[in-house]
Amino acid sequence: MTNPIAIGIAGVGKIARDQHLPALAANDGFRLIAGASRNATVDGINNYPSIEAMLKAEPALQAVSLCAPPQVRFAQASAALAAGKHVMLEKPPGASVAEVGVLAELALQNQCTLFASWHSRYAPGVEAARSWLAAQEVTGVHVQWKEDVRRWHPNQDWIWQPGGLGVFDPGINALSIVTRILPRPFFLKAADLLVPANRHNPIAANLDFTDAAGTPIRAEFDWRHGPEELWQIDVTTQGGTLRLSQGGKLLEIDGKTVDVGPEREYPNLYVRFFELIANGTSDVDVRPLQHVADALLLGDRKTVEPFVE
Ligand code: NAP
């Protein structure tokens, strides 16, 4: 058995504590040795105020997992890759599409793995949905990704700032699933972006996509929803209907529940990161981020009432 991969984590906030730390603790392939966060520390490891300080002080580090908001992703990832470390990026992989391509190139030059992770793709129903749809002729798709921003993003200013994506921060999870399960590529035709008068980013968005066959693919993202989340994707095909709900945890085909096993999104992300490192490869799919960028290119911005936390 080989030694576990020495890993560091940067940006110790909500998702690092909720998911990354427990997933790492349960994975024998990794040993968390250091953390980099301006204000937070993790018990039992060495802590540093920045990724640069961590990289300098911890030459034994082999990999880093980046959990800070997307606006600082490139600076952190490029520093880690330049130091020869394998890098896992939380979603979204960058604040722009092009910067992710630059990171992929840097990873190649430095013979490092770059894993642009999309945690929702590891929801238990997703691969089963993809397999079933592979043999179907899709006739329509309806995505509804609606939640209460006050519940899921309390006091997170970065989501409202340039690069923070607004409602596309959760919406991109739906796009990461749809780009995985649909058999054909698709593209945006039109979008409405509902932007609070006092904010930079949309609080809701309605997107109309299609594909080469003209299939209607409609996505509705809304942060003014509640109290129950609605994270659901409905696909109609010539051979029946498919519903992924609860963010991909539940799969129904023609109204019947399919047994897809337990939720293991983040544990499976680290299984995948380990495999990529072992195989000396990278996994960088920018399509979900490209769709968001297209929405921001094509979208008709409509001002709605100010958002007050
Ligand atoms: P967060 O708690 O607001 O931020 C994570 C940590 O990043 C912060 O605690 C902060 O730690 C550090 N940070 C913030 N701004 C920074 C800056 N300008 N420079 C350097 N470090 C900074 O956010 P989060 O909810 O964990 O989300 C982080 C990423 O995970 C996002 O890309 C998000 O889309 C993704 N994600 C979040 C969730 C979720 O449920 N929250 C789920 C899946 C994925 P210090 O102040 O200690 O530096």
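Just so you know, ligand 1 is whichever comes first in the structure, and atom 1 is the first atom listed for that ligand.
Residue pairs that meet the salt bridge (charged side-chain N to carboxylate O under 4.0 Å, His left out) test with at least one member in residues 224-236, sequence neighbours left out, are Arg151-Glu229, Asp222-Arg224, Asp234-Arg243. Under the side-chain hydrogen bond (donor to acceptor under 3.5 Å, both in side chains) criterion, the residue pairs touching residues 288-298 are Gln290-Asp294, with sequence neighbours excluded. Note on residues 67-124: pairs passing ring pair (Phe, Tyr, Trp, His ring centres under 6.0 Å), not counting sequence neighbours, are His119-Tyr266.
Between Phe187 and Phe209, the ring center distance fails the sub-6.0 Å criterion. Ring centroid separation for the pair His153 and Trp223 comes in under the 6.0 Å cut-off. Taking the centre of each ring, Trp231 and Trp152 come in below the 6.0 Å mark.
Annotation: ligand 1 has protein neighbours Gly11, Val12, Gly13, Lys14, Ile15, Ser37, Arg38, Asn39, Ala40, Cys67, Ala68, Pro69, Pro70, Val72, Arg73, Glu90, Lys91, Pro92, His119, Gln156, Trp158, Asp169, Tyr266, each with a heavy atom less than 4.0 angstrom from the ligand.
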